[in-house]
Amino acid sequence: GDRVVASIQACIDRLDRFDPTKVEGQAAGEAAGEAVSQALSAIEDFEQAVTLSKDGRWGRIVFQQKQTIAKLVEKRLNVTEKLLLEALPTELKFGGKGRGVPKLVADPDGQAIERAAGALAFSDQVRSTAVNGGFGAARAKALEAVNERLDQYVEDLLGALRDDETTERERIRAYLNAAARLVGLAHDQKAEQIVRRRIAAA
């Protein structure tokens with residue numbers, strides 16, 4: 001039992017070291033998500049093998065570990081939309097009200113894109129454990145906001161690319177390619193391929 005709770009804690013420590021607000025990238029997000037899966041799988045196996053009581057030594061530790069995992073995951077999920085906005089910036093027009101439109105005053109920030117990719121890779125990796133892990137609602141809320149922004153951003157950029165008077169075609173395509181990659185992490189590879197086909201046809 002002591003070895004099991006120690007192995008679970010090691011996974012929690014790996015998760016805790018993942019900071020999506022720093023440039024860690026897609027692979028780091030996937031690794032942190034895998035640590036969550038491993039920890040929850042170990043907890044499930046432990047609970048099936050041994051009758052744990054919340055008042056018992058192991059039961060108390062495992063209960064606290066489950067709470068810690070949920071809190072750490074939610075904290076990382078909650079910054080996903082913010083990191084997406086940094087990677088795909090928008091600006092308000094027409095008096096500063098309503099939905100923002102793509103901000104194209106500078107080329108895409110590679111580091112911001114990697115931060116967003118890391119956060120989205122993490123959210124994708126914890127998909128299968130979200131409900132049992134106690135962070136299903138937080139993940140659904142984060143992904144709903146992210147997907148809505150991504151879908152609209154792609155549509156706005158494709159519309160801008162079709163504008164014969166635009167002088168920012170290369171920059172628009174660069175943002176579209178970044179958005180396509182992030183769509184793949186937020187949705188799936190099929191969705192990314194659809195966006196890339198639409199870029200090629202625009």
Side-chain angles (χ1 to χ4, degrees), residues 1-87 110-147 149-150 178 181-192:
D2 288 340
R3 286 197 298 271
V4 174
V5 297
S7 69
I8 295 167
Q9 186 59 49
C11 292
I12 293 173
D13 292 342
R14 282 163 52 199
L15 168 62
D16 193 30
R17 287 193 293 271
F18 172 60
D19 184 354
T21 65
K22 295 180 180 178
V23 185
E24 298 199 42
Q26 182 176 338
E30 292 171 351
E34 180 61 25
V36 174
S37 299
Q38 290 176 356
L40 293 175
S41 178
I43 289 173
E44 183 178 358
D45 290 345
F46 194 21
E47 289 176 332
Q48 290 178 352
V50 180
T51 301
L52 297 176
S53 168
K54 288 184 180 179
D55 297 325
R57 183 166 66 90
W58 290 337
R60 185 171 60 252
I61 293 173
V62 169
F63 177 74
Q64 291 173 344
Q65 287 177 326
K66 289 171 74 172
Q67 286 189 317
T68 299
I69 291 169
K71 288 179 181 177
L72 289 173
V73 171
E74 287 189 16
K75 182 179 179 182
R76 281 143 186 78
L77 291 171
N78 289 342
V79 300
T80 306
E81 185 180 11
K82 173 179 175 289
L83 296 177
L84 179 69
L85 284 171
E86 292 175 357
Q111 292 188 339
I113 292 168
E114 286 305 313
R115 288 193 293 269
L120 286 172
F122 174 76
S123 70
D124 181 61
Q125 195 70 33
V126 300
R127 180 199 309 263
S128 62
T129 57
V131 175
N132 290 338
F135 44 86
R139 183 183 181 280
K141 181 180 179 181
L143 266 293
E144 180 181 5
V146 162
N147 286 328
R149 286 192 177 278
L150 270 174
R181 178 189 174 195
L182 298 179
V183 165
L185 293 170
H187 286 283
D188 52 39
Q189 287 189 340
K190 183 178 179 180
E192 178 180 352

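Bear in mind the structure is a predicted one, so any value in this text is a computation, not a measurement.
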Next on the checklist: Are there over 12 heavy-atom neighbours, none belonging to Gln64, within less than 6.0 Å of that residue's CD?
Outcome noted: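 Yes, the 6.0 Å shell around CD holds more than 12 heavy atoms from other groups.
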Checklist entry - How about Gln111: does its CD atom have over 12 heavy atoms from other parts shown lying under 6.0 Å from it? => result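 Not more than 12 within 6.0 Å, no.
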Next on the checklist: Assess the residue pair Glu30 and Glu34 against the criterion (side chain to side chain contact (heavy atoms under 4.5 Å, CB included)); give the C-alpha distance rounded to whole Å, side-chain angles, the decisive distance to 0.1 Å, and a yes or no.
Outcome noted: CA-CA 6 Å; Glu30 292 171 351; Glu34 180 61 25; over 6 Å; no
Are the side chains of [X] and [Y] in touch, meaning some heavy atoms are under 4.5 Å apart?
X: Ile43; Y: Lys66; result: yes
X: Phe122; Y: Val73; result: yes
X: Leu40; Y: Asn132; result: no
X: Lys71; Y: Lys75; result: no
X: Lys22; Y: Arg115; result: no
X: Asp16; Y: Arg76; result: yes
X: Gln38; Y: Arg14; result: yes

Can you tell me how far apart [atom1] ([X]) and [atom2] ([Y]) are? Round to the nearest 0.5 Å.
X: Asn147; Y: Glu81; atom1: CG; atom2: CD; result: 10.5 Å
X: Leu182; Y: Arg149; atom1: CG; atom2: CZ; result: 14.0 Å
X: Leu85; Y: Lys82; atom1: CG; atom2: NZ; result: 9.5 Å
X: Leu143; Y: Leu185; atom1: CG; atom2: CG; result: 10.5 Å
X: Thr80; Y: Leu120; atom1: OG1; atom2: CG; result: 6.0 Å

Checklist entry - Can we say Arg181 and Glu192 salt-bridge, meaning some charged N sits less than 4.0 Å from an Asp/Glu carboxylate O? => result no
Checklist entry - Do Ile8 and Ile12 pass the side chain to side chain contact (heavy atoms under 4.5 Å, CB included) test, and can you show the C-alpha distance, the side-chain angles, and the key distance before you say yes or no? => result CA-CA 6 Å; Ile8 295 167; Ile12 293 173; 4.1 Å; yes
I need the minimum non-hydrogen distance between [X] and [Y], along with the two atoms involved.
X: Thr129; Y: Ser37; result: CG2-OG, 3.8 Å
X: Val79; Y: Pro20; result: CG2-CG, 3.8 Å
X: Val146; Y: Ala186; result: CG1-CB, 4.2 Å
X: Ser123; Y: Leu77; result: CB-CD2, 3.6 Å
X: Glu114; Y: Val23; result: CB-CG1, 4.0 Å

Checklist entry - Donor-acceptor pair, Glu24 side chain versus Gly118 backbone, under 3.5 Å? => result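 Answer holds: no.
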Checklist entry - side chain to side chain contact (heavy atoms under 4.5 Å, CB included) between Leu72 and Leu15: does it pass, once the steps are laid out? => result CA-CA 7 Å; Leu72 289 173; Leu15 168 62; 3.6 Å; yes
Next on the checklist: I'd like to know whether Glu74 forms a side-chain hydrogen bond (donor to acceptor under 3.5 Å, both in side chains) with Asn78, so could you lay out the CA-CA distance, the side-chain angles of the two residues, the decisive distance to 0.1 Å, and finally the verdict.
Outcome noted: CA-CA 6 Å; Glu74 287 189 16; Asn78 289 342; 5.2 Å; no
Next on the checklist: Between Val36 and Cys11, is the side chain to side chain contact (heavy atoms under 4.5 Å, CB included) condition met? List the steps.
Outcome noted: CA-CA 7 Å; Val36 174; Cys11 292; over 6 Å; no
